[in-house]
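This report concerns only the one structure given below.
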Protein chains: 2
Amino acid sequence: MYSIGVAAERSGVTIETIRYYEREGIVSKPDRTSAGHRIYSDDGIARLRFVKRCRDLGFPIPEAKSLLSLTDGSQTSCSSACAIAEEQRGLVRNKIADLKRMETELSELIGQCPDSEDTCPILEDLLSS
Amino acid sequence: MYSIGVAAERSGVTIETIRYYEREGIVSKPDRTSAGHRIYSDDGIARLRFVKRCRDLGFPIPEAKSLLSLTDGSQTSCSSACAIAEEQRGLVRNKIADLKRMETELSELIGQCPDSEDTCPILEDLLSS
DNA sequence: CTACAACCTGTAGTAACTACAGGAGCAAGC
DNA sequence: GCTTGCTCCTGTAGTTACTACAGGTTGTAG
């Protein structure tokens with residue numbers, strides 16, 4: 001059993017964020033010592049790591065919560081997990097497409113950068129488009 | 001001269017957002033009618049469109065504000081504009097790299113999806129990593 | 001027994017909007 | 001002249017996922 005500080009270190013989730021996850025019901029409330037300090041089991045820490053990994057993969061909190069709750073379900077839940085992951089991959093791909101469009105347009109702007117002397121093509125471009 | 005509704009339509013910025021930009025000092029306060037309604041010139045609308053275009057390119061509000069204020073500067077400001085744009089392109093590229101990493105990892109998860117019957121590889125993976 | 005670190009609760013701040021609530025003005029039709 | 005309904009006004013609260021205190025208690029090492 002570990003203190004919140006140790007749990008933070010082992011899970012990669014900061015103390016403040018652990019408390020936030022608890023408040024929001026993303027992870028269940030841990031036991032407390034007689035003085036009111038939180039104590040975490042290996043399992044509790046594993047669940048924190050699970051949420052962290054989900055977040056690193058870009059899953060929104062509600063999806064992370066759903067995935068976590070699927071871990072103690074039956075095998076029928078696996079297809080749900082896959083569906084959530086595919087949905088997420090779709091969102092990520094859309095974001096990539098958006099950002100690539102931005103990069104292209106930024107490069108076009110930058111390409112015509114300090115060229116003439118009395119006008120700024122980049123600012124002109126932003127003003128007129 | 002146009003009402004805020006028309007300005008919103010022509011600039012692509014919603015009414016609420018126009019008022020927000022004004023409150024935050026991103027665009028200057030427009031004149032008012034005797035009844036207190038905002039009135040916009042073509043120039044004011046152009047500035048709203050400028051901010052919108054910056055935002056669409058991913059520039060944060062402070063950068064959009066800087067770029068906008070550069071538009072009435074001298075030609076020396078052009079190099080500043082370019083620097084801001086290059087900085088922004090760097091940020092966009094970093095985001096793309098992050099998202100591509102996510103996509104790869106998500107694809108790895110999805111790839112091993114409904115395979116066996118009694119365990120869910122995707123959930124196992126998230127739990128153990 | 002005294003520091004000092006780690007913990008506690010509760011609140012406020014972040015980015016960039018978005019969504020009301022509650023009220024006033026304006027144009028058209030009767 | 002009056003009602004209907006649209007647009008406008010201000011001001012405040014909500015969104016996402018945290019992060020950063022303030023102010024107080026507990027646990028530990030010397």
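The basis for the numbers below is simple: all heavy atoms, side chains too, and nothing from hydrogens, waters or symmetry mates. Chain letters run A, B, ... following the sequence lines, proteins first, then strands; residues in each count from 1. These numbers were taken from a predicted model, which means no experiment stands behind them.
One atom, CD1 of A:Ile39, and another, P of C:dA6, lie 19 Å apart when rounded to the nearest Å. Whole-Å rounding puts the A:Ile4 CD1 to C:dC8 C1' distance at 10 Å. In this structure, the CD atom of B:Glu24 is 14 Å from the C1' atom of D:dG11, given to the nearest Å. Computed from coordinates, the B:Ile18 CD1 to D:dC9 C1' distance equals 14 Å when rounded to whole Å. Put simply, OH on B:Tyr2 is 20 Å from P on C:dC26, counting in whole angstrom units. At whole-Å resolution of the value, NZ in A:Lys65 and P in D:dT16 are 13 Å apart. As rounded to whole Å, 13 Å separates atom C1' of D:dT19 from atom CD1 of A:Ile15.
Between B:Ile84 and B:Ser66, some side-chain heavy-atom pair lies under the 4.5 Å cut-off.
Remark: B:Arg38 is in phosphate contact with D:dC9, judged by side-chain N or O atoms under 4.0 Å from OP1 or OP2. For D:dT26, the OP1/OP2 oxygens have no side-chain nitrogen or oxygen of A:Arg32 closer than 4.0 Å.
For the pair A:Leu48 and A:Ser11, the tightest heavy-atom approach, listed with the atom from each and the gap, is CB-CB, 3.6 Å. The heavy-atom pair separating B:Gln88 from B:Pro60 by the smallest distance is OE1-CD, 3.8 Å.
No donor-acceptor distance shorter than 3.5 angstrom exists from the side chain of B:Arg53 to the backbone of B:Leu57, with no hydrogens or angles considered. A:Arg89 places no side-chain N or O within 3.5 Å of a backbone atom of A:Arg93 that could act as its donor or acceptor partner. Remark: side-chain polar atoms of B:Thr17 are not paired, donor with acceptor, to backbone N or O of B:Val13 under 3.5 angstrom.
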Can you pull every protein N or O that's under 3.5 Å from an N or O on nucleotides 12-18 of chain C?
unit_1: C:dA16; atom_1: OP1; unit_2: B:Ile61; atom_2: N; d: 3.3
unit_1: C:dA16; atom_1: O3'; unit_2: B:Arg55; atom_2: NH2; d: 3.4
unit_1: C:dC17; atom_1: OP2; unit_2: B:Tyr21; atom_2: OH; d: 3.0
unit_1: C:dC17; atom_1: OP2; unit_2: B:Arg55; atom_2: NE; d: 2.6
unit_1: C:dT18; atom_1: OP2; unit_2: B:Thr17; atom_2: OG1; d: 3.1

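Taking the nucleotide of DNA chain D with the nearest heavy atom to each of A:Arg19 and A:Ala35, the more 5' of the two is matched to A:Arg19.
Using a 4.0 Å heavy-atom distance criterion, B:Thr33 is classed as making no nucleic acid contact.
Using a 4.0 Å cut-off between charged side-chain N and carboxylate O, B:Glu24 and B:Lys65 make no salt bridge.
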